[in-house]
Each structure stands twice: as C-alpha cells, then as structure tokens.
Amino acid sequence: MENIINKKVESIFGALGLDAKFAVVRVSDRPDLSDFQCNGALALAKIMSKNPREIAAQIAAALQEDKDFARVSVDGPGFINLSMSNDFLAAQIEAVAKDKRLGCNEAEDKKKIVLDFGGPNVAKSLHVGHLRSGVIGESVQRILRFMGHEVVSDVHFGDWGMQIGLIISEAEKEGLDILKMNVAEISETYKKANIRCKEDEQAKEDARIATAKMQDGDASFRKMWKYIRDVSVEDVKKNYEKLDVNFDLWLGESDAHEDCFKIIDIAKEKGLAVMDDGALIIRLDETNKPMPPIILKKTDGGVGYQTTDIATILGRVRDLKAEEIIYFTDQRQALHFEQVFEAVEKLGIAPNVGLKHIKFGTVNGPDGKPFKTRDGGVMNLSDMIELSKDKVRESMPEPSAEYDAAYIANLVDEVAIGAIKFQDLKSSIASGYIFELDDFAKFEGKTGPYIQYAIARINSLENKIAEIATAAPRNDVILVSNKEERDLVLKMLQLPMVIKRAAGEIEPSVISDYVYSLAQAFSTFYSASPIAAAETEALKASRLKMAGTARDILVLLLDLLGIKAPKVILKKEI
RNA sequence: GUACCCGUAGCUCAAUUGGAUAGAGUACCGGCUUCCGAUGCCGGCGGUUGCAGGUUCAACUCCUGCCGGGUACGCCA
C-alpha cells in the first residue's frame, strides 16, 4: 500500500517539477494527526532555499484532489500529513486477504546469496554462544528466500585447526583410542588438552605438529580427523534440529583445504606474500586503516582460519556462484572479517561479490559479561532448551482423550523454542542481551508465546463461529467501521514494507517488533469489537475475515522468524 | 598503547538513519469476565537521552573534548 501512496505523491512531485526522490512517504510519527507523512518539502526547501511550508502547501493542494486521501494537511515547519479514506483502506486489505503472498512482492534484484552461520566446532557441544548465530541466520535465511533470493546456507564447520591436533596428541599421551570415542569423550579429551597446553609448552608444540601432520595428509591422522568430524557433525545436527535451524550444506574448513594452496599461489603471483618471522603473511598495514597481517602459513607450515576463510570464499564464488556472502558471528570477530575481506580484495578472487559481516552482541550473564554457569563453565544449549521446556510444561494440562501426551509434548516444544527464539530476535541483533532464564519461558508481554496465543485465539474463534453454523462468511467484504478496526487494518497494510526493510537491513528484529505490534493491534480490536455477537451479519463476516487475515499475517511473520504457530494452545485449568 | 562498539524510564530494549509531544515490555498502582481463550484488554506512575561545548529551521541521532563500560589487536578459532 505504501507503494501506491508513494506513487501518488511521486507523480504530484513530478507534475510540480520537484525532484521525486524527496517524495518519500512513511508511516506517521503522529498517529493522532495522520496515517502517513511526507517530509520531502523540508529537504527540498533547503536545496531550493524556499519556504518549506509554501512548497508543502502546493503539494498538499494537489494531493487533496485525490479522493483516496480523507485528509491532507500541512503542519509544523512543513510536514505533509496524509490520512487515507476508509474505503481505500478496505479495498487495500481486501486485496491482501485474497493474495497468497499477502500483498508482498519479491525483490527486483534477485541474487544468489550464501549464508554462513552456526559455525560450530568439532569436539565442542553447542552452548549458548552458538544460539544467536543459528537463530539469526535461520531467520535471515527465511526472509531472503521469501524475497525470492536464491539462498544457500552453509554451517561452515570448524574442523581443520588446532583443535584436531590437540585432541589427537592428547589421546596419544593418555593412550586412548580415538576411533572408539563418543562425542562426550572427544569433548572431554579436548578440554583436558587445553588445560595441559596452558601449562606445558611442549604439549602445545606436540599439538601443533600433529595439526600440521594431519593437514599434510598423514593417513592415520586423517582417519582420526574424519572420525572426530563425523561424530561431532552428527551430534551438532541433532542440536540444530531441536532448534529448527537448517543448513543446505554441511561443509567445513577442511573442504577449503585444497584451495588454501591456491590462495597461497595467487598471493605469491601477485607479490602479496611476504616472509616475516618465519611465517608467510599478507601485509595490511599500509592502508589508511592499518590492520594486523593475514598469516597465510604459520611457522610450522600449517594454515590457520584466516587462510581457510579466504579459501572458502574462493570456493563459494567458483562452485556456488555466490553473488553475495553473508557471515553471522558475534562482534568479537569484526577485525577478523575486515582483514579477510581486505585480503580478498587485494587478491581479486571475488570481484563484484558482496561480502558482509553481520555482527551481533553476546549473550551475557547478569554481570554484563558473556554468559557463564554458576561453576564458571558455559551453558550447554540442550540444557538450556530443557530448562525452558520445563517452565512451559508447568503451565500445560494433563494429557486427555482429545490431546494426548505426544500432542502436548510437541506443543511444549513449539512454545519453548518459540520463546527462546523470540527472546533472541526481539531487539536489534547488534546489541547483546542479558540472559535471564525466566525470560525464555515468559508468556506475557513481548514474547513468542504472546504471538502464538493470539493466533490460537483466532483459530479458536473461527471454529466456534463455524460450530454455531451461522451464515457462512465466504466472499464477504471487509468494512472499516470503528477505530480499532481501522488501526488493525492500517497496521496489517504495513506488512510489505516491513519485510522489505528487514531483508534490506538484514535485521530480523524489524519483523519481531512489527509482529508484536500487530498482535497487540489485533488484541485491542478483538476485545473492543464483538465478532460472534456483532450488530449485523455483514459486520460479523467482515470482522471474521479481518481476524483471519491478521492470523495469516502473524503466521507468516512467525515463520520468517523460524517460529512455529501451534493451532491450539492448551493451558492448565485453574 | 591503538582501533572499534556502547551509555535512553528502577530493569531489559525501541526510536524508519537529521524531523513534530523520545516509545514498548517488565516492575509497581488502579480498573475490566453472567458474552468470541484474562498467557488478555484499558488507564496511571516513571526521562535534563552519561557530562560539556559545537553545526542546523530542527540533534537520542552528526562533529570536538571529557567521564564511565565493553571488545579486539601475528602464527588459537
């Protein structure tokens, strides 16, 4: 709808000989005054050094001719306030209700986009630190697909660095057989190795040598590497499944192994590779923003994650034909990606490919520092999920004939995961948040379950009315008869712009913010306007259709956030 | 030491990228159920946007300087 209004305003600007790029219409900051506003006259006045109110008045006068506007006024220094007619709004929402995509167009410039999120490592079970990357990445993946982009997601497993060497050399020292270990044992061995290497320089050196040997292709080391990788992948997959976080590709650093040599060759050819302190590096200190160098090859001959990340880009451009690559990690890796992107630029291996790093804040404890459990360790992701489910379970009824134990178990799952995900996506992803267990299972206020509940009520409403067997409201017309209805319709019509903005800014919180305000608008409407007992049949049909449309939008939005919308929400009778 | 990020209501966060009266949730206080799901709705309380300057018709937003917090800085990832 904003598109339509924008066009109307643009054509007026054109007719008046004004630059149409200032004809930007947005949702009004002052809903008491108008539905939409245009601030273009202010910007124009500055350029043309004219009185903004005069320009605004001229535009407003022309807009007034259009009967779709119920009211056009110029206020303050030159804001143009626009209010739409109820007929216009009704016609617009009618079109949305009919449309499979609820009025949303796909992007004009569709791209092939590779998303890199998750980033788990071998031998480490997922912890709260992994939550955000997965949840945010999953949502962005859904949003970009909805916009029509071709999206390929890759988990980019951390399976090629020191951690492998650490495990192998530690197992050797302890006389353990890696090929018989399970995930927990591998993880334990890794932890022990870390502790040992903190004290013991020689052990660290041994691990380094083991890493280099493995990377070099030693058969028995490769066998152990493969085993460790397979066992870890299987475990990590299970965890992501629980969270409904999905990847197209389960590639890892190891898959870029061959390309690492190519990167080194290219760097040499271009004269970018220099020996320094025994390592082969690319200098990045001569630019206006000097950075530490890329270490292509370590003194011991092994490659680090800088090289594998660069090599991975080469592969993604060559094999996947990526036009854009987006990374999701916490902000502590900002410098790393600046270095990698700069090196890629110098190497010229990804011309015209957009490289973006979406950084997000850490999940923090009450002290404002990255979250730790009471004993100082990191909290396991699956433990956290269980805690949230326990909370949700408390509010659920006992299994009944209608809803058996399996149904309730599934419901607990969907609500708990919904609560966790919404909590993670509800404020702008650049800022971190304080981890409060209680918040992950809250039902009230700005939470996932609040939205799920609103949806369940609409479903229930439709069932009830169908049961009463009143005149079927098919093909009835939506009427805008009171303030609550009008507010709801206006809110619903913002959908396309919201999704477009979320996709453009790669910011899922734009959607979580909107989905909540829409659910609120619905609840307000719902408690103010009787539906089953509406004054007339036409009004009843209209409101029912309105509610159904709101439900469809809410479900779509939750889906874009990666959150399930249960048809029915059960609760304990009190 | 250098670079980057942050500081908004008691708490957790917004503010459409420079626009009008800085908004939500939570907490707290008050009201709403013979009637569509009260995990709900309505109302109230709560602010010198860290401090001091500057640019602008207009600053939470941009610039400068302080204060306070965080993060990262060559062979871990």
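So that the names make sense, note that chain A is the first sequence line, chain B the second, and so on, each numbered from 1.
Distance, A:Y526 OH to B:G40 P: 13 Å, rounded to whole Å. Rounded to an integer number of Å, the gap from CZ of A:R457 to P of B:A38 is 6 Å. At whole-Å resolution of the value, CG in A:D32 and P in B:A22 are 12 Å apart. Atom-to-atom, CZ of A:F422 to P of B:U26 comes out at 12 Å; the value is rounded to the nearest Å. Separating the CD atom of A:E338 from the C1' atom of B:C5 is a distance of 12 Å, rounded to the nearest angstrom. Put simply, NZ on A:K298 is 6 Å from C1' on B:C75, counting in whole angstrom units. Taking atom CZ of residue A:F522 and atom P of nucleotide B:C42, one finds them 13 Å apart after rounding to whole Å.
Using modelled atom types and a 3.5 Å distance limit, the side chains of A:N482 and A:S529 yield a donor-acceptor pair. Checked by atom type, the side-chain pair A:R71/A:N81 shows no donor-acceptor distance below 3.5 Å.
When heavy atoms are screened at a 4.0 angstrom cut-off, A:V568 is found touching base atoms of the nucleic acid. At the heavy-atom level, A:G158 lies nowhere under 4.0 Å from the strands shown. Note on A:A334: nothing from the nucleic acid sits closer than 4.0 angstrom, heavy atoms only. Counting any heavy atom pair closer than 4.0 Å across all strands shown, A:G432 reaches sugar-phosphate atoms only and no base atom. Nucleic acid contact for A:G304: sugar-phosphate only, since backbone atoms but no base atoms lie under 4.0 Å from a heavy atom of the residue. The residue A:D75 sits close to a base: some heavy atom pair falls under 4.0 Å. A:S428 comes within 4.0 angstrom of the backbone, heavy atoms only, and of no base. Looking at heavy-atom distances under 4.0 Å, A:D276 makes contact with a base.
Among B:C41, B:C13, B:C73, the nucleotide with an atom closest to any side-chain atom of A:T524 is B:C41.
Using a 4.0 Å cut-off between a side-chain N of Lys or Arg and a carboxylate O of Asp or Glu, A:D513 and A:K446 qualify as a salt bridge. The pair A:K213-A:D216 does not count as a salt bridge, with every side-chain nitrogen at least 4.0 angstrom from each carboxylate oxygen. With salt bridges taken as basic N to acidic carboxylate O contacts below 4.0 Å, one links A:R486 and A:D35.
Between A:K204 and A:S529, the one whose closest nucleotide on RNA chain B sits nearer the 5' end is A:S529. Between A:I458 and A:F79, it is A:F79 whose nearest contact on RNA chain B lies nearer the 5' terminus.
A donor-acceptor contact under 3.5 angstrom links the side-chain atoms of A:S460 to the base of B:G37. A donor-acceptor contact under 3.5 Å is formed by the side chain of A:N81 with the base of B:A20. Scanning atom types as modelled, one donor and one acceptor separated by under 3.5 angstrom connect the side chain of A:Q37 and the base of B:A20.
Nucleotide B:U61 is shown with an anti base, its glycosidic torsion being more than 90° from 0.
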